[in-house]
Amino acid sequence: MKYDKPHLSYDQQLALMRDRGLAVADHPRAIQGLNRIGYYRLSGYTFPLRTLEENPQQAKGKQQKRGETFIEGASFEDAVALHDFDHRLRGILLDGLQQLEVGLRVKIGYTLGKRGALAHLDESELDPTAQNPYRRKRNKSRYEVWRQEYDSLQEKAKNGKQEFVMHFTECYDDEVPIWAAVGFMTMGCLISLYNLLNKKDRRTIARSLGVKNSNVLVGWLNPLNILRNQCAHGNRVWNRPIPFQADKLNLEMLTNPALLRHLAISPKAPVDHRVYFHAATTAYLLRELTPDSTWPQDFVAVMRTFPSSVSEKFPLSPVASMGFIEGWEHEKLWKPAQNRIRHR
């Protein structure tokens, strides 16, 4: 089918939503909202406000689909409130994930650095499985695929005139020690390098983050990397599943299982984690990384700004739409650590 829908002015876009039953309390402010957010982007927040209709073409699975008209009581202001809450949610998640990314840089640089300043460029210092064929490119090893990405990132850093990279380029034959090289690696590149480390080094880093098994840590980090990128690029996070869901939580693999016990016993686990599961693993890792971190309390504060006008009218509360658990904010995970360092 060829796309043939015409371009609509902001007034026409608003009129279309009104014709479909979306209430608009303030026309000028609504036009400003469309100018700020955009009709298509806002549709991600108006979509759950549409009516449910029977879907006879769906043989299995969902028997209903969202129609074109809106639920009675739905308003343009509700959609904007959800959008603005999502903006705050992305901000706090990105803050925590960037702290975790920096912490991962430090731990990889410090641990691998003990084997040598250029251990990341020497396959003999990594795990033997680094030489295994890469699953998507059988003609290249896992290390070769990682090295290709690493070299590309270093080149971009040089072209971007990053001073520390230029220093090593000019003074040390383009070789950057691991404790500095982690500074230009993306989180995805860091995770890939972590997967190539010697088993002992992987275990050392995992245990320093409160996880006994390195595979469990990677299972957390992969979706967190996707979530980080979604937040950084301004993509919708609210009411959206995250790819690469982690496996069912095994408390025996944690050094501080009490913090995540509520996840293990939740009826939502392991399939309906959505944002909450990943926010919880972020909080857990940050508490292990920085015991006096205030990020868990900051996250709770942002979640309390979820628009009550929406949750009172529709089943779109964090518990209903984001995988949150009833009473989650009262769990120990989100409380200040008892051994928090007090700063003067």
Side-chain angles (χ1 to χ4, degrees), residues 13-14 17-18 20-52 64 66-67 69-97 227 230-231 234-242 262-263 266-268 272-280 282-283 294-336:
Q13 292 170 12
L14 192 59
M17 288 188 281
R18 267 182 160 158
R20 292 175 174 175
L22 190 67
V24 179
D26 188 325
H27 186 277
R29 285 183 64 85
I31 295 297
Q32 290 177 4
L34 287 172
N35 187 54
R36 172 169 68 93
I37 301 169
Y39 178 91
Y40 192 78
R41 179 180 178 84
L42 192 64
S43 67
Y45 305 93
T46 60
F47 184 78
L49 305 180
R50 294 184 181 185
T51 55
L52 284 171
Q64 292 182 315
R66 294 287 177 182
T69 59
F70 290 95
I71 301 170
E72 184 177 356
S75 71
F76 185 90
E77 290 70 25
D78 292 332
V80 171
L82 286 171
H83 171 274
D84 292 348
F85 164 76
D86 195 33
H87 175 78
R88 297 188 293 273
L89 176 62
R90 283 195 305 274
I92 189 61
L93 286 171
L94 185 59
D95 175 52
L97 292 168
L227 181 59
Q230 288 180 342
C231 292
N235 296 333
R236 177 169 56 86
V237 173
W238 170 78
N239 196 30
R240 182 178 186 175
I242 308 298
H262 68 291
L263 275 180
S266 167
K268 296 185 177 184
D272 190 23
H273 292 151
R274 294 206 173 205
V275 172
Y276 182 71
F277 180 86
H278 305 298
T282 299
T294 63
W295 187 85
Q297 294 81 60
D298 296 337
F299 180 80
V300 172
V302 169
M303 290 307 303
R304 286 174 176 163
T305 70
F306 187 86
S308 58
S309 61
V310 173
S311 58
E312 290 171 359
K313 292 190 293 184
F314 311 105
L316 296 175
S317 68
V319 172
S321 63
M322 298 169 65
F324 280 69
I325 297 165
E326 290 285 358
W328 66 272
E329 69 273 24
H330 302 302
E331 294 291 336
K332 183 180 179 181
L333 176 67
W334 305 104
K335 300 296 182 182

Out of curiosity, [X] [atom1] to [Y] [atom2], how far, rounded to the nearest 0.5 Å?
| X | Y | atom1 | atom2 | result |
| --- | --- | --- | --- | --- |
| R41 | R36 | CZ | CZ | 10.0 Å |
| L333 | L263 | CG | CG | 8.0 Å |
| R66 | L52 | CZ | CG | 4.0 Å |
| T305 | D84 | OG1 | CG | 10.0 Å |
| E326 | S317 | CD | OG | 7.0 Å |

CZ of R29: more than 12 outside heavy atoms within 6.0 angstrom? no

Considering all heavy atoms of both residues, which atom of [X] and which atom of [Y] are nearest to each other, and what is their separation?
| X | Y | answer |
| --- | --- | --- |
| G44 | W238 | O-CZ3, 4.1 Å |
| S311 | F306 | CB-CE2, 3.9 Å |
| S75 | L22 | C-CD1, 3.5 Å |
| F299 | L89 | CE1-CD1, 3.8 Å |
| I71 | F314 | CG2-CE2, 3.9 Å |
| A280 | W334 | CA-CZ2, 3.9 Å |

Contact between Y39 and L14 at the side-chain level, heavy atoms closer than 4.5 Å - yes or no? no

A side-chain contact here means heavy atoms from C-beta on lying under 4.5 Å apart; do I92 and M303 qualify? no

What pairs with R90 under salt bridge (Lys or Arg N to Asp or Glu O under 4.0 Å), at least two apart in sequence or on another chain? D86

Apply side-chain contact (heavy atoms from CB on, under 4.5 Å) to the pair L82 and N239, showing each step before the final yes or no. CA-CA 10 Å; L82 286 171; N239 196 30; over 6 Å; no

Looking at the rings of Y276 and W328, which for Trp means the six-membered one, are their centres under 6.0 Å apart? yes

Residues in side chain to side chain contact (heavy atoms under 4.5 Å, CB included) with R18, at least two apart? V24, H27

Kindly indicate, with the supporting measurements, whether the criterion side-chain contact (heavy atoms from CB on, under 4.5 Å) is fulfilled by L93 and W295. CA-CA 9 Å; L93 286 171; W295 187 85; 4.3 Å; yes

Listing request: all salt bridge (charged side-chain N to carboxylate O under 4.0 Å, His left out) pairs with a residue in residues 303-324, at least two apart in sequence or in separate chains. D78-K313

Test log, rule side-chain contact (heavy atoms from CB on, under 4.5 Å), inputs I242 and Q230: CA-CA 10 Å; I242 308 298; Q230 288 180 342; 3.5 Å; yes

Is the backbone of L34 close enough, under 3.5 Å, to the side chain of Q13 for a donor and an acceptor to pair up by distance? no

Under a 3.5 Å distance rule, please check whether T294 uses its side chain to pair with a backbone N or O of Q297 as donor and acceptor. no

